[in-house]
Every structure is written in structure tokens, then in C-alpha cells.
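Just so we're on the same page: letters track the sequence lines, and every chain starts at 1.
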Amino acid sequence: MKIATWNVNSVRKRAGNLTSFLKRVKPDVIVLQELKAQDEHFPHEAAHEAGYKCEVFGQKGFNGVAMISTHAVDNIQRGLPGDEADTQSRYIEGRIKTPMGPLTVGGLYLPNGNPIGTEKFTYKLGWMKRLEARARELLSRGEMFALAGDYNVCPTDMDVYDPRLFAKDALCQPESRAAYRRLLNLGLTDAVRAMHPDDTRWTYWDYTAGAWQKDNGLRIDHILLSPQAADRLRAVDIEKEERGKPEPSDHVPVWCELDVGD
DNA sequence: ATGCCGGGCGAAGCCCGA
């Protein structure tokens, strides 16, 4: 079972990149972030062409997330519980049956939170608190799950090309990192870090200032696994080559493979 | 370099991203 995540930075602009990625890497399920599109503008054909069905939680102009799968998905939830006033489309969740029991996948686009000291940073920390509550709820079931997406958190200085430049950035604040660490402390496993404990591997390169050419990147897209899912973790990868293609997203896909006996 | 690119919206210039 291959689970992927990708912040596509406009799903309409990236429809071609998405189709070729699905055909090349063949994830069973992929969660997408930053659709920047309403539900009715989602390029269903791009996914159908590669054999995928789509669950979309779009929003006009900004945000927007989706879950695309070759398997049947049920128990679909749109939106992160815990704040009825939150109108931003940043979370989608669904469940897939496997020979080893149900696998729940949550796709998330965690708020960026910049600049610090504003309501944007407060919103980020509040959102992370709600995500922790969701993780606790899922953990109580004792089943496999993956929370995958653009976390907008560099977990440690190892995940930033130049930590000094990001000392005041919301992605690297002690509060952001502590909230991320609370997820790990619940018993979740950072799939990429578990398989590559000592590597510097980026998932994002800014469009500006030649960041890609200089390999000035960040690791902010993550897949966190429940204990039952982490038991079955077999492989991970970061699809760096997508950043070098024409008209790329500034993020690249991340995936992990779980051995669920299929 | 708290936006150098890139995208959305909507029809010019502003908002947003990390």
C-alpha cells in the first residue's frame, strides 16, 4: 500500500504533472494540498485517466485538499473537527479496506502561520492543537492510520538548509516544533525520518532566489504513521525529480509503502 | 530580500504562499 502526499500549488496548473506522477509512481492513495480551486474546477479527467477516483474538499482561490485513490474510500470527513467557525479547506480524511484491516488516511494542509506575532500564527497553533485531538481520537481505535500532508513545520534544524535565516519563521518556531513533537510523543512515526535518520532531504524549494539551483530547501511535507501502520513501514521516498520538471510545484511528492498483505 | 517567483482573481494590481 503506497501512500503519497503532494502540495501541488494549483491543481489546475499541475494536472499534467499529476497525471504523469500517478502513472509513474502508482500510489494507491495520494492526498493533495493547495488545490486553489473549487470542487467544480477540479480536473477529474487527469485522475480518471490514470485510474483514480477523487474526493475533493476545494475552496475558491486558496487552500483546498483532495484524496485520490485506486481503492474504494469510505468514512470520508471534510474539515478538521474542533472549530465550527473555521472556513478554510485544509483537511480531508477517508478509510480504505486492506487485508490487515482498515487504514485511515488524513490529508492535511497545515497553516503556514507567518508572520509570527499575528493572528495567523495563533491560527496555526490552534489548528495544530485540533490536529493533535484528531490524532488522539484515531489512536484510540488501535488501527492503522497515516496523517500526510504539508505540515509547514521543519521539525528540527536538520530540516532547514540555513537555520539562522529561519529563526524568526513560523515553520521553525519552538511552539510549532513542540506541537509537531507532541504528535510524535503520542506514538506517531515520521516515516521519512524513521527510514533516513541522518539524511538532509528537502520536500520544498522556493521559486525565488535560485533556491532550487542552490539546493536551498526545507523538509515540511510529512507522513506520520500510527504504531499499527509503522509496524508495516517498508519504504519511503521523496520525489525530488518533480521539482526539476517544467512548471513544477514548489513542493515535491513524498510517499511511503506499507506492507498490508495486498 | 517579510516575495526575487508563481498562482488566483479578474481584468490592474493586490492577496497569498514559506
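If you measure from atom CG of A:L218 to atom C1' of B:dG17, you get 12 Å, rounded to the nearest angstrom. Atom OH of A:Y123 and atom C1' of B:dA18 are 16 Å apart (whole Å). Nucleotide B:dA18 holds its P atom 16 Å from the CZ atom of A:R219, rounded to whole Å. The distance between atom CG of A:L165 and atom P of B:dA1, rounded to the nearest whole Å, is 10 Å. For the pair A:N9 CG and B:dG3 P, the interatomic distance rounds to 18 Å; values are reported in whole Å. The CD atom of A:Q213 sits 12 Å away from the C1' atom of B:dC4 (whole-angstrom rounding). Rounded to whole Å, atom C1' of B:dG17 lies 12 Å from atom NZ of A:K124. Here B:dC9 presents its P atom at 11 Å from CD of A:Q59, a figure rounded to the nearest Å.
Between A:K245 and A:E242 there is a salt bridge, with a side-chain nitrogen of the basic residue lying less than 4.0 Å from a carboxylate oxygen of the acidic one. Between A:R78 and A:E55 there is a salt bridge, with a side-chain nitrogen of the basic residue lying less than 4.0 Å from a carboxylate oxygen of the acidic one. The residues A:D250 and A:R243 are annotated as not salt-bridged, no charged nitrogen and carboxylate oxygen being separated by less than 4.0 angstrom. Taking the charged nitrogens against the carboxylate oxygens, A:E247 and A:R14 have no contact shorter than 4.0 Å, which rules out a salt bridge. A salt bridge links A:E241 with A:R24: at least one charged nitrogen is closer than 4.0 Å to a carboxylate oxygen.
Pairs of residues two or more places apart, or lying in two chains, that qualify as side-chain hydrogen bond (donor to acceptor under 3.5 Å, both in side chains) and include a residue from residues 155-168 of chain A are A:T156-A:D159, A:D157-A:R177, A:D159-A:R193, A:D159-A:R219, A:D162-A:R164. Counting only residues at least two apart or on different chains, the side-chain hydrogen bond (donor to acceptor under 3.5 Å, both in side chains) pairs with a member in residues 94-107 of chain A are A:D74-A:R95, A:D74-A:K97. For residues 58-81 of chain A, no residue pair satisfies the ring-ring contact (aromatic ring centres under 6.0 Å, His included) rule, not counting sequence neighbours. For residues 2-24 of chain A, the pairs satisfying ring-ring contact (aromatic ring centres under 6.0 Å, His included) are A:W6-A:F21, with sequence neighbours left out. Sorted by first then second residue, the side-chain hydrogen bond (donor to acceptor under 3.5 Å, both in side chains) pairs that include residues 253-262 of chain A, not counting sequence neighbours, are A:E239-A:W255.
Atom P of B:dC4 sits at a distance of 13 Å from the matching atom of B:dC14, rounded to the whole Å. Using atom C1' as the reference point in both B:dG10 and B:dC16, the two lie 16 Å apart (nearest Å). B:dA1 and B:dA11 have their P atoms separated by 36 Å, with the value rounded to a whole Å. As rounded to the nearest Å, B:dA18 and B:dG13 have C1' atoms that lie 22 Å from one another.
Among the heavy atoms of the strands lying under 4.0 Å from A:Y204 are primed sugar atoms or P, OP1, OP2 only; no base atom is included. In this structure, A:E34 reaches the sugar-phosphate backbone alone: every heavy-atom distance under 4.0 Å involves primed, P, OP1 or OP2 atoms, never a base.
Residues of residues 170-180 of chain A that place a heavy atom closer than 4.0 Å to DNA chain B, in numerical order, are A:L171. Residues from residues 147-159 of chain A lying near DNA chain B, meaning a heavy-atom separation below 4.0 Å, are A:D150, A:N152 in numerical order. Of the residues in residues 109-116 of chain A, those placing a heavy atom less than 4.0 Å from an atom of DNA chain B are A:Y109, A:N112, A:N114, in numerical order.
Annotation: ring pair (Phe, Tyr, Trp, His ring centres under 6.0 Å) contacts of A:Y204 (sequence neighbours excluded): A:H251. The side chain to side chain contact (heavy atoms under 4.5 Å, CB included) test applied to A:A170 returns A:N114, A:I116, A:F121, A:K124, not counting sequence neighbours.
At least one side-chain nitrogen or oxygen of A:K120 sits closer than 4.0 Å to the OP1 or OP2 atom of B:dG17. Taking 4.0 angstrom as the limit, A:N7 places a side-chain polar atom (N or O) nearer than this to OP1 or OP2 of B:dA18. Here A:H41 does not reach the OP1 or OP2 of B:dG8: none of its side-chain N or O atoms lies under 4.0 Å away. Listed pair A:R14 / B:dG7 meets the phosphate criterion, a side-chain N or O lying under 4.0 Å from OP1 or OP2.
The minimum heavy-atom distance linking A:M67 with A:V105 is given by the pair CE-O, 3.1 Å.
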Could you list, one pair per line, each protein nitrogen or oxygen that sits under 3.5 Å from a nitrogen or oxygen of nucleotides 10-15 of chain B, together with the distance?
none

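Comparing A:L35 and A:T208 against DNA chain B, the residue whose closest nucleotide sits nearer the 5' end is A:T208. Ranked by how close their nearest DNA chain B nucleotide is to the 5' end, A:Q38 and A:G210 are led by A:G210.
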In a table with atom names and distances, give each donor-acceptor pair under 3.5 Å that connects a side chain of residues 37-45 of chain A to protein atoms at least two apart or in another chain.
{"unit_1": "A:D39", "atom_1": "OD1", "unit_2": "A:G58", "atom_2": "N", "d": "2.6"}

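With 3.5 Å as the limit, one finds a donor-acceptor pair spanning the side chains of A:D215 and A:W205.
The base of B:dG3 sits with one of its N or O atoms less than 3.5 Å from a complementary donor or acceptor on the side chain of A:D206.
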